[in-house]
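Order of the sequence lines sets the chain letters (A, B, ...), proteins ahead of strands, with each chain counted from 1.
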Amino acid sequence: MKAIRTRGGLSVRLDVRTAVVVALLVAAALAGGVVLIGTGDFDIPAADVVRTLFGQGDAGQDFIVNELRLPRVLVGLLVGAALGLGGALFQSIARNPLGSPDVLGLGQGATAGALLVIVVFSGSAAQVAGGALVGGLVTGAAMYVLAWKRGVHGYRFVLVGIGLNAFAVALNGYLLTKADFVDAARAVVWMTGSLTGRDWEQVWPLLWLCVVLLPLVVAHARPLRMLEMGDDAAYALGVPVERTRVVLMGCAVLLTAAATAAAGPVSFVALTAPQLARRLTRSPGPNLLPAMCMGATLLIVSDWASQRVFGADQLPVGVVTGVLGGVYLLWLLVTERKAGRI
Amino acid sequence: MLVDSPPEPSADTAPAPPARRVLRGAGLVLSAVLLLAVVLASIAVGAKQLSLGQVWHGVFQDSGTYADVVVGERVSRTLLGLLVGTALGLSGAVLQALTRNPLADPGLLGINMGASSAVVTAISFFGVTSLSGYVWFAFAGAAIVGVLVYTLGGTRSATPVRLALAGTALTAALSGYLQAVMITDNAALDKMRFWTVGSLASAKTDTIQQVLPFLAVGILLALGLARPLNALAMGDDTARALGAHLTRTRALSMASATLLCGAATAACGPIMFVGLMVPHVVRSFTGPDMRWILPYAALLSPVLLLGADVLGRVVSRPAELQVGIVTAAIGAPVFIFLVRRQRMAKL
């Protein structure tokens, strides 16, 4: 931890290790993106990809890179970043490493909205995304309202989330049994989370949302860190506890819902990214930026792995992240047990 | 009985005054009557409505008429619901006492999901098609996930929140696996999308025959554990001082919960919240004494499950709603209500 001071009396704190980790993760995510653009039925060397991205490739490569594959990779990066950030916020607010939005029902709530559109209205892709967004927001609002009782306490918030999750799972199961077979297959692929066939239409809304929300979140990062010490301690330090929580929860819900709308409920990125980032930076607190970059890297690498291992577009990326989540849970089990914490 | 000389229970579980004991006994009789009513409703209500006379005729003087065939189908469905309901309620009560956790439920802790993942694995990868084959997978899955959740939730220091979170996270991981199987195997998807929501509709007489021995052992084991579980509720040290065998009690409780959840899930898919709700409702009028909670839970859980099944048949006639969906739709609000109540943290 270093503090940089100017002569004018301004100062900024800089955690060197965190800064290095963030830089490395961003580099890894971008490199992964370039490799991912080059991967597919028509392989393109990384150097050509970079050249084409800067507008100097031939027409054929230009079409493949900028029209077909770049938007997909951008959606992957943005979704990963949004999920990582949303997960870090939720885990910090819930004060529990397992309290991520996908465990607490936001993913399932958004899925319920999307399935409703697929099964009942046979809607277009854009309408499905809209349904997912609305579903996620409604779930988030319900979670807050139901957990409210003179303030939102961590454990009540978690348990209400689990209850809503169960409810949404039942609703999704019902919708799935109501569907005819074609819709059911479409719904199951959507429910797993996939980047296949994403184009610029999905990139822009997500990008604008991240651009708007990121400064808001970063501005509240310090109060959030105080909040982790408990409501009373935070009050004593002058943090507007409930307001901070409402603002940050709103941001996290929006980020998660928008990411789900763009790519489906990609599971476990929100759960694992903040924890992995925390292990890398070795710094306490919510680790918002590292978690965000870690999410983007994770999703891109998972998508690349799913294409490399199983062939192009055979398995949606959500399956890979799901396996990742299972491994993470086991790892948590082993390490926490060794450390004597459980 | 596992405890030779019954421990002198605490004030809460002290032998009730005679009047209250009579009242509780009468309550048991009332529950049995309620169960009988629900059983009759479950046989009579459906796409084809039957009168009570037709039900009587079908059950006792079966002469092969159309109504009699319908009754026959519904009787096996009702019997299965009866067994599975009892199994889920008892396992919920045992798990709540074992983990000293008011929010323990075989569905919520992921145990049912563990059993169903194992069953799906058996169907999809090992080509097992008969219930008698995959019921063993279900037991293995239930047992493994039960132990995992307990460890992940932090064995001794397990709080309701940590256990529930660990269960939900494991459930999410397992359902991701289920989805992967369903995506790669379209035939499996068509079969499993109905099974994984939990349904009684596939009940046949041989289904019942195959799970009956396991469920019977599990139910008897659970009912026999009332006294040791009462001792366990007072804390490890006190229980040991009172002469209860802690390890044996824990192992037997876990075995009975595994048998009950595994067999129930193998027969009709994962069903949530029955094991959570019924013991809570029961505890509100029996108090913490397991000797009353267990019989009441055994009688009232099938009332809930069969009631949900009947409701599922009524609300979207002539199609029907799977019972797992109805119990979750009723159970999730009850769960949230329990969480909002102040006393939640204590059992």
**OP:** Heavy atoms only: give me the nearest A328(B)-A166(A) pair and the separation to one decimal.
**Re:** CB-O, 4.4 Å
**OP:** Pick one of side chain, backbone, both or neither for F273(B), based on which atoms fall under 4.5 Å of a heavy atom in chain A.
**Re:** side chain
Original post:
Does any heavy atom of chain A fall under 4.5 Å from the side chain of L108(B), the backbone, both, or neither of them?
Top reply: side chain
Can you tell me how far [atom2] of [Y] sits from [atom1] of [X], rounded to the nearest 0.5 angstrom?
X	Y	atom1	atom2	result
D102(A)	T168(B)	CG	OG1	11.0 Å
F335(B)	L164(A)	CZ	CG	9.5 Å
I325(B)	F167(A)	CD1	CZ	11.0 Å

